[in-house]
Trainee: 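The structure that follows is given in the form of structure tokens.
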Amino acid sequence: MTLRIGNFSGFYGDRFDAPREMLTGGEVDVLTGDYLAELTMLILARDRLKDPSAGYARTFLRQLEETLGLAHERGVRIVTNAGGLNPAGLADAVRALAARLGVPVWVAHVEGDDLTARYPGALAAHAYLGGAGIAECLRAGADVVVTGRVTDAALVTGPAAAHFGWTATDHDRLAGAVVAGHVLECGTQATGGNYAFFRDSGGLRRPGFPLAELHADGSCVITKHPGTGGRVDVGTVTAQLLYETGGARYAGPDVTARLDTVRLSQDGPDRVRVEGVRGEAPPPTLKVGLNRLGGFRNEVVFVLTGLDIEAKADLVKEQMGEALAKSPPAGVRWELARTDRPDAGTEETASALLRLVVRDPSQEAVGRVLSGAAIELALASYPGFHVLAPPGKGSPYGVFEDVYVPQGDVDHVAVLHDGRRVTVDAPHDTAVLDDVPPPALPEPLPPGRARRAALGLVAGARSGDKGGNANVGVWVRSDDAWRWLAHALTVERFRELIPEARELPVTRHVLPRLRALNFLVEGILGEGVAAQARFDPQAKALGEWLRSRHLDIPEALL
């Protein structure tokens, strides 16, 4: 017995036509849509400030207007976290839409994640719920299930538990579903999107969305509809498995999945078999994501062209420093990007960018003060003075942090299609997370000739954010390359290659079955993506930067 679960959204703003593509492209039993991220919750919270009836992903309603009838005809159930901060409101809107379209569907929703009232000063505080509430809704016959903040994998564990009759203690089966859910959650990242070896991905212009053929024992095959673009192979699945994860234990409210037990194998063209996943009891606590306003920020980018770039930068820094000293913002940060080239053939390639970012609790301190100081230099600074755009009045920025509460402290409720409210009990079997002992490393390669070259010629990488931290997963595609990587890319070497990490805590996790290393870099993103503390605030390209760095690589691998 196989349950085919497909994904049609990896974020709020993903491909609008994806639901129709998934419904018409091949067989599927359940469609999931993941709309939420740390930054999305802040955006929805600000929407709710303006309109208390808002707080959900409105795009989902427009997508559903075009596809609800088709899904009903084909018996496809839809499970989505598009409810955001207002799952009850979205569920009501879906019912109204179904009535207007004349489509007889049952709509249910899950609530209890909203803990904002417990955290004064937070715009939004939401616990990451598991899939048990979703399963209750589906067992009661719901055709559409709307949730607020659940773990991304819960969109798969819920339907799987309902379909196969799993209980809370079926840890291995649930762990398999968590792994499947983690692969599906970011949509086309599993089918060649954002893939390090993208030139091998074939037809990447419009990759198809992924689906999992899930089995009763928790194993699955990751694939996509026939004829769609992109590629599904062990590499694309490995990359997504490493995305925004940490060590061997991948904890969630349903189960703790052991990523060091995952076995991947190619099962045919665009088919990867995932099996062997072991599960453990979930931790006794739930993660709660807190979003609050951190203050206001503003920026201006000075363009420095031609000769004497460093001296020009020093001059404008000194001039702006004097101007800002009259009413100094709480935070001032300069970054010089040497995008210029010598003897350049265009003015743009002869130019460097000097970026100034200011932050303060007061909008006035980052608005008129900055814009006045910058614009007044127009005729009184370095030769060729101009900016990419004049600074505005300053905009609010958010701060994300996570805290943890006991699972039993959260009122997890499934609100069924007929209005009945079913309380979802917290799991009785839990286990505090401990670090897994480091696995044995493979035998190193024998000594041989080496050449200075980019790491990315041998290894792939994928990176992402979790609050203020970033992870960088690095993997290779052969046993010999793994024998080299496991010994060559130490924490010390990682810090050498990524200078930003030299003074930060860095932890290396070894995953031999995936031929992978996963590095967790704490604090590199400051207070999270909404604070925009660095050039790449979500660390999306941190892995690609690492791949571009040079080190001594055995010639046999090149």
Trainee: Between Glu496 and Arg549, is the closest basic N to carboxylate O distance under 4.0 Å?
Mentor: no
Trainee: Salt bridge between Arg338 and Asp340, side-chain N to carboxylate O under 4.0 Å?
Mentor: yes
Trainee: Once the angle between the rings of Tyr382 and Phe385 is folded into 0 to 90°, is it parallel (under 30°), tilted (30 to 60°) or perpendicular (over 60°)?
Mentor: tilted
Trainee: Taking side chain to side chain contact (heavy atoms under 4.5 Å, CB included) as the criterion, tell me which of Asn471, Leu259, Val472 meets it with Asn518.
Mentor: Asn471
Trainee: Would you mind checking if Arg547 and Glu544 are paired as a salt bridge, meaning a charged N to carboxylate O distance below 4.0 Å?
Mentor: yes
Trainee: Would you check, one step at a time, whether the test side chain to side chain contact (heavy atoms under 4.5 Å, CB included) holds for Leu36 with Met41?
Mentor: CA-CA 7 Å; Leu36 301 184; Met41 297 298 283; 3.9 Å; yes
Trainee: Going from CG on Leu129 to CD on Glu111, what distance comes out if it is rounded to the nearest 0.5 angstrom?
Mentor: 10.5 Å
Trainee: So, for Lys393 and Gln363, which heavy atoms are closest and what is the spacing to 0.1 Å?
Mentor: O-CG, 3.3 Å
Trainee: Does the Lys NZ or Arg CZ of Arg493 fall within the cation-pi geometry relative to Phe519 - under 6.0 Å from the ring centre and within 45° of the axis?
Mentor: no
Trainee: Please determine if Arg508 forms a cation-pi arrangement with Phe494, meaning its NZ or CZ atom is less than 6.0 Å from the six-membered ring centre and no more than 45° off the ring axis.
Mentor: no
Trainee: What I want to find out is whether Arg534 reaches Glu335 closely enough, with some N-O distance under 4.0 Å, to be called a salt bridge.
Mentor: no
Trainee: Can Asp114 and Arg48 be counted as an ion pair, charged N to O under 4.0 angstrom?
Mentor: yes
Trainee: Quickly, which of Leu184, Asp14, Thr191 forms a side chain to side chain contact (heavy atoms under 4.5 Å, CB included) with Phe209? Name it, please.
Mentor: Asp14
Trainee: Please determine whether a side-chain nitrogen of the Lys or Arg among Glu527 and Arg359 lies less than 4.0 Å from a carboxylate oxygen of the Asp or Glu.
Mentor: no
Trainee: Which atom names give the shortest non-hydrogen contact between Ile375 and Pro390, and what distance separates them?
Mentor: CD1-CB, 4.2 Å
Trainee: Grab the two heavy atoms, one from Tyr56 and one from Gly83, that are nearest each other, plus how far apart they are.
Mentor: CB-O, 3.4 Å
Trainee: Counting only heavy atoms not in Arg341 (residues, nucleotides, ligands), do more than 12 fall under 6.0 Å from its CZ?
Mentor: no
Trainee: Determine, for Glu299 against Arg333, whether the closest basic-nitrogen to carboxylate-oxygen distance falls under 4.0 angstrom.
Mentor: no
Trainee: When the ring planes of Tyr35 and Phe60 are compared, do they come out parallel, tilted or perpendicular, using 30° and 60° as the limits?
Mentor: perpendicular
